[in-house]
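Whatever order the structure lists them in is the order used to number ligands and atoms, beginning at 1.
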Amino acid sequence: NPPVLISESPKKTNFTLRRRSKRFLFRVSAVSYKDFAESALEETRKKIVLEPSPLQERYSSITGLDGKTELQMLAFKSSKIRLLRSMAIENETMQVFDFAGFMEPEYDAPIFCANFFTSANTNIVVLDLNPLHQLTDQTDYQEKYYNKIMSIYHKYAETFPWGGKLTGESIKFFSPLVMWTRFSSSQEKHKALFSAFLEYYQAWLEMTIQVGDEMEPSQVRANCEAQHKYLTWRAQKDPGHGLLKRLVGETKAKELLRDFLFNGVDELDTKTFIDYFPEYETEDGTVSDKRSIIGKSYETRPWDSTGKFIG
Ligand code: BLA
């Protein structure tokens with residue numbers, strides 16, 4: 001079923017800008033990612049029973065160090081979904097959205113991943129069902145989850161073209177369905193982003209409903225380790241860290257990353273970042289501060305239109 005537009009999401013907001021002692025009033029389209037989260041949750045409740053996550057008691061909202069930035073956190077679980085969580089950050093000049101869904105280890109369904117960063121005029125967007133297992137050597141995983149729904153990607157490919165070079169390491173966490181794009185703000189684009197978000201989300205939700213549980217202990221262990229590797233990468237190297245630290249301070253940012261956003265990194269397995277990504281080990285045995293060893297890569301989309309990896 002096509003997603004329905006539940007609310008007129010991108011809102012009109014007034015902003016005043018001071019420049020050379022004159023005041024200009026701008027009417028710009030500011031997007032409200034809190035509405036994105038509410039719509040996804042509303043869709044979820046139509047299909048499955050959501051329970052509050054224990055994380056919700058500890059994380060609901062935070063005001064940034066500037067006294068003006070609001071961070072809103074939501075966290076749920078279901079019988080199959082280990083964690084469905086959202087963080088929306090807003091101030092006068094910026095909106096950030098990080099919405100993710102992680103399965104219990106008995107299920108191998110992908111990880112839902114929406115990361116939207118909006119500032120004055122630019123938007124950086126990653127929207128994907130991140131594969132739990134490598135698609136290159138698990139072709140049945142691609143067949144099981146992606147081949148049937150490639151039309152969702154094609155529907156938005158023209159509106160949201162490939163965003164250009166990105167951290168090379170990121171590609172292996174992405175699927176052929178990924179929407180990686182940058183664009184200037186407009187109401188039309190934000191409206192299209194809202195429907196893309198709901199459509200990707202509904203595809204994921206359907207997968208979580210259809211997926212059967214693994215009975216083989218070795219498979220459950222493999223799912224658990226794959227999710228832990230993903231969490232370990234993002235808790236250490238996600239591009240949003242710098243901004244999050246500036247907004248709430250280093251201690252709070254670290255707590256948000258390890259306990260809320262990438263919850264499970266300290267529980268699902270005991271392997272360390274260096275165990276998974278030894279190329280980041282420095283001479284004294286610590287993790288390199290570098291965001292990337294490979295560097296920026298993939299000027300163009302590394303999948304063909306059928307979703308085959310072409311590098
Ligand atoms: C930039 N965010 C980016 C970029 C990517 C992502 C690919 C482009 C820069 C790069 O190539 O690294 C997103 N990368 C991802 C995602 C995965 C990944 C989702 O590997 C998953 C595996 N973004 C957020 C949050 C903030 C944020 C919560 O999701 C802030 C709190 C900010 N992202 C942010 C900023 C940039 C960015 C400020 C631009 C700065 C930069 O490029 O370093």
K.L.:
Are Lys189 and Val125 close enough that some pair of their side-chain heavy atoms sits under 4.5 Å apart?
P.N.:
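Not touching, per the 4.5 Å side-chain cut-off.
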K.L.:
Given side chains that start at C-beta, do those of Ser305 and Tyr153 come closer than 4.5 Å, heavy atoms only?
P.N.:
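Counting from C-beta outward, Ser305 and Tyr153 never come under 4.5 Å.
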K.L.:
Given the side-chain rings of Trp233 and Phe277, with only the six-membered ring counted for Trp, is the space between their centroids under 6.0 Å?
P.N.:
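That pair passes the under 6.0 Å test.
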K.L.:
Hey, what polar pairs (N/O, under 3.5 Å) does ligand 1 make with protein?
P.N.:
from, atom 1, to, atom 2, distance (Å)
ligand 1, 11 (O), Thr167, N, 2.7
ligand 1, 11 (O), Thr167, OG1, 3.0
ligand 1, 11 (O), Lys296, NZ, 3.1
ligand 1, 12 (O), Thr167, OG1, 2.5
ligand 1, 12 (O), Arg291, NH2, 2.5
ligand 1, 20 (O), Ser170, OG, 2.6
ligand 1, 29 (O), Asn115, ND2, 2.4
ligand 1, 43 (O), Arg291, NH1, 3.0

K.L.:
Give a yes or no on whether the ring-centroid distance for Phe36 and Phe99 is below 6.0 angstrom.
P.N.:
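No.
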K.L.:
When you check the side-chain N and O atoms of Thr118 and Tyr33, is any donor under 3.5 Å from an acceptor?
P.N.:
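The answer is yes; a qualifying pair exists.
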K.L.:
Identify whether Phe309 and Tyr146 are in the same connected component of the hydrophobic contact network (ILVMFWY, side-chain heavy atoms under 4.5 Å).
P.N.:
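Same hydrophobic cluster.
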